[in-house]
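Report on the following structure.
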Amino acid sequence: MNKIVPERFYKLGTQPNEMRELFEYGKKRKLEVGDDKVYDYSLGNPSSPAPAALNDSIREVLGKYSSIQLHGYTSSQGDQASRQTIADYLNKTHGFNCSGGDLYLTCGAASALAITLNAISMPGDEAIVFVPYFTEYKVFVEDAGMKLVEVPCRRTDFQIDFDALESAVNEHTKAVIINSPNNPTGAVIPEKDIIKLAKLLDDAQKKYGSAIFLIADEPYRELVYDDDITVPFVPKYYDNSIINYSFSKALSMPGERFGYIMVSPKSPYHDEVYFSVCGAGRSMGYICAPAIFQRAVPMCLGQTADISVYKTNRDILYNALVEYGYEVVHPDGAFYLFIKAMEPDAYAFCEKAKSLDLLIVPSDTFGMGGYVRIAYCVDTDMVRRSLPAFRKLAEMYGK
Ligand code: PLP
């Protein structure tokens with residue numbers, strides 16, 4: 001039979017999403033054995049409630065704006081006043097100097113990434129991602145017509161391996177995507193490495209006479225748990241930076257779909273890139289991000305959900321897993337732990353965990369084998385209840 005739809009989309013639509021399947025399995029299993037006997041660490045859905053500030057802002061805007069202002073179309077790239085308020089916040093927080101005219105409001109980081117990559121992609125271009133990486137990067141990069149170039153991180157701390165990066169950068173490199181704090185490892189890139197990265201990319205641009213954009217995918221920016229950990233604002237270090245920010249995790253509102261693209265005004269290609277972002281957004285149908293949130297979110301910039309629960313969960317899990325004999329790199333941010341599977345096949349390891357009703361995700365989903373991701377954005381009670389299962393799992397491997 002002749003194919004009538006693109007094979008690529010058909011495949012993406014039918015291909016199982018392992019995390020979702022595990023989550024669905026968990027729901028069914030809870031009906032069989034009881035809610036409290038299944039330890040579901042599958043999804044990165046924030047468990048801490050949205051802060052009162054967000055709900056208060058929504059109520060306030062409902063009373064303050066007209067129906068057309070709340071539910072009507074805004075400018076395609078987002079309401080000018082909302083964009084300016086966000087730009088002012090960035091300037092105040094990071095000592096930067098951008099304006100609303102550098103921002104494009106989006107449906108979360110996912111559409112920001114898809115738009116950004118389409119906006120900069122030219123035939124033959126390559127985009128570098130660091131392995132392990134958020135699964136959807138492959139979809140977005142390849143859909144934008146770029147070649148995905150996978151560069152492994154250092155296994156010891158999941159930070160950038162600069163030798164590996166240097167050998168991957170070439171005259172075709174158009175984008176490097178970083179994600180700090182990281183999904184799935186929880187690693188936060190320190191300032192010294194951002195400085196080194198900026199220098200490496202600047203040198204490569206000079207060497208090849210090209211433009212290489214550093215895309216900072218930042219849905220977890222605020223999710224860091226220790227005073228000595230900071231997340232550098234990359235446009236201060238590298239001119240060809242593009243921020244892809246999302247409010248999904250910081251404000252616990254992933255279902256509302258809201259974020260932005262910020263094209264650094266310091267980029268020599270700023271105008272070309274910004275207008276190409278507007279054009280890519282238009283061509284992909286991603287215009288006019290949700291209007292209520294364009295009004296409400298700028299009123300609670302700098303606020304977050306109570307992230308102390310994630311710190312508590314991280315500390316309980318990290319300490320217990322180390323004690324039980326797991327190999328774990330201490331995660332500084334996001335709400336993920338990335339641990340070494342106790343056998344080479346992470347799928348087999350996760351199946352054993354599943355037999356104990358412990359639902360964890362094999363790292364193959366993130367571009368590398370041998371590890372598992374634990375999404376600890378869950379109730380602390382569940383974390384405590386799950387510890388005997390983690391202990392038993394380690395014992396199954398003679399630990
Ligand atoms: N980038 C990373 C690294 C993520 O983990 C996620 C979501 O989990 C996204 C992007 C997409 O986030 P959003 O909900 O803002 O589209």
Side-chain angles (χ1 to χ4, degrees), residues 12 17-20 22-23 41-48 50 54 78 86 103-118 127-144 148 150 153 158 160 175-189 214-224 231 234 242-262 281 284-286 289-290 293-294 297 304-305 307 310 331-338 361 363 365-368 373-378:
L12 278 174
N17 175 326
E18 281 158 10
M19 283 173 268
R20 297 247 151 222
L22 202 57
F23 174 68
Y41 288 103
S42 60
L43 287 189
N45 212 4
S47 56
S48 184
L54 177 66
I86 297 172
L103 268 70
Y104 187 98
L105 305 186
T106 63
C107 296
S111 66
L113 284 159
I115 294 171
T116 301
L117 289 161
N118 272 277
I128 290 177
V129 297
F130 296 99
V131 183
Y133 59 90
F134 175 54
T135 327
E136 300 304 285
Y137 289 166
K138 184 171 166 60
V139 178
F140 299 144
V141 165
E142 291 179 350
D143 244 34
L148 183 86
E150 298 181 336
C153 276
F158 299 117
I160 297 173
V176 174
I177 304 177
I178 55 171
N179 169 225
S180 168
N182 186 269
N183 175 12
T185 65
V188 176
I189 306 176
L214 180 57
I215 299 174
D217 175 28
E218 297 195 337
Y220 302 98
R221 162 168 280 282
E222 288 77 13
L223 275 62
V224 288
V231 182
V234 295
I242 305 176
I243 299 281
N244 285 182
Y245 182 87
S246 169
F247 294 95
S248 290
K249 316 280 172 167
L251 289 176
S252 291
M253 48 171 277
E256 308 299 356
R257 317 304 303 132
F258 193 58
Y260 59 82
I261 297 166
M262 197 279 277
M284 298 165 85
Y286 278 136
F293 290 92
Q294 290 196 38
V297 168
T304 65
I307 60 168
Y310 305 138
D332 288 323
F335 36 50
Y336 306 107
L337 267 161
F338 203 61
V361 179
S363 60
T365 309
F366 307 103
M368 70 186 271
R373 187 192 78 172
I374 299 170
Y376 58 78
C377 41
V378 294

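Order of listing sets the numbers, starting from 1, for every ligand and every atom in it. Computed from heavy atoms alone, side chains included, the values below leave out hydrogens, waters and symmetry copies.
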> Using the benzene-type ring in the case of Trp, are the ring centres of F247 and Y245 under 6.0 Å apart?
Replying inline: yes
> Which atoms of ligand 1 are found less than 4.0 Å from any heavy atom of G108?
Replying inline: 15 (O), 16 (O)
> Does the side chain of I128 reach to within under 4.5 Å of the side chain of I177, using non-hydrogen atoms?
Replying inline: no
> Counting from 1, what ligand 1 atoms have a heavy atom of N179 closer than 4.0 Å?
Replying inline: 3 (C)
> Of all the non-hydrogen atoms in the protein, which one sits nearest to atom 15 (O) of ligand 1, and at what distance?
Replying inline: S246 OG, 2.5 Å
>> Quick check on contacts: which atoms of ligand 1 are under 4.0 angstrom from a heavy atom of Y220?
In response: 3 (C), 4 (C), 5 (O), 8 (O)
> Between the main-chain N or O of N182 and the side-chain N or O of N179, is there a donor-acceptor pair closer than 3.5 Å?
Replying inline: no
> E256 side chain to F293 main-chain N or O, any donor-acceptor pair under 3.5 Å?
Replying inline: no
>> With the threshold set at under 4.0 angstrom, would you say P254 reaches ligand 1 through any of its heavy atoms?
In response: no
> Do S47 and C377 touch side chain to side chain, with heavy atoms closer than 4.5 Å?
Replying inline: yes
>> Tell me the protein heavy atom at minimum distance from atom 2 (C) of ligand 1, and give that distance in Å.
In response: D217 OD2, 3.4 Å
>> Closer than 3.5 angstrom, by distance alone: can the side chain of R221 be matched with the main-chain N or O of V231 as a donor-acceptor pair?
In response: yes
>> Quick check: Y137 with F140 (ring centres under 6.0 Å apart)?
In response: no
> Which residue owns the protein heavy atom closest to atom 7 (C) of ligand 1, what's the atom, and how far is it?
Replying inline: K249 NZ, 3.6 Å
> Of the protein's non-hydrogen atoms, which lies at the shortest distance from atom 6 (C) of ligand 1, and what is that distance?
Replying inline: F134 CZ, 3.4 Å
>> Any non-hydrogen side-chain atom of S363 less than 4.5 Å from a side-chain atom of F338?
In response: yes
>> Below 4.0 Å, non-hydrogen atoms only: which portion of A110 touches ligand 1? Side chain, backbone, both or neither.
In response: both
> Would you say the side chain of F335 lies within less than 4.5 Å of the side chain of Y220, judging by non-hydrogen atoms?
Replying inline: yes
> By number and element, which atoms of ligand 1 are closer than 4.0 Å to a non-hydrogen atom of N183?
Replying inline: 3 (C), 4 (C), 5 (O)
> For atom 12 (O) of ligand 1, what's the nearest protein heavy atom and its distance?
Replying inline: A109 CB, 3.8 Å
> Can you tell me the protein heavy atom closest to atom 16 (O) of ligand 1 and the distance?
Replying inline: R257 NH2, 2.6 Å
> What atoms of ligand 1 come closer than 4.0 angstrom to any heavy atom of S248?
Replying inline: 13 (P), 14 (O), 15 (O)
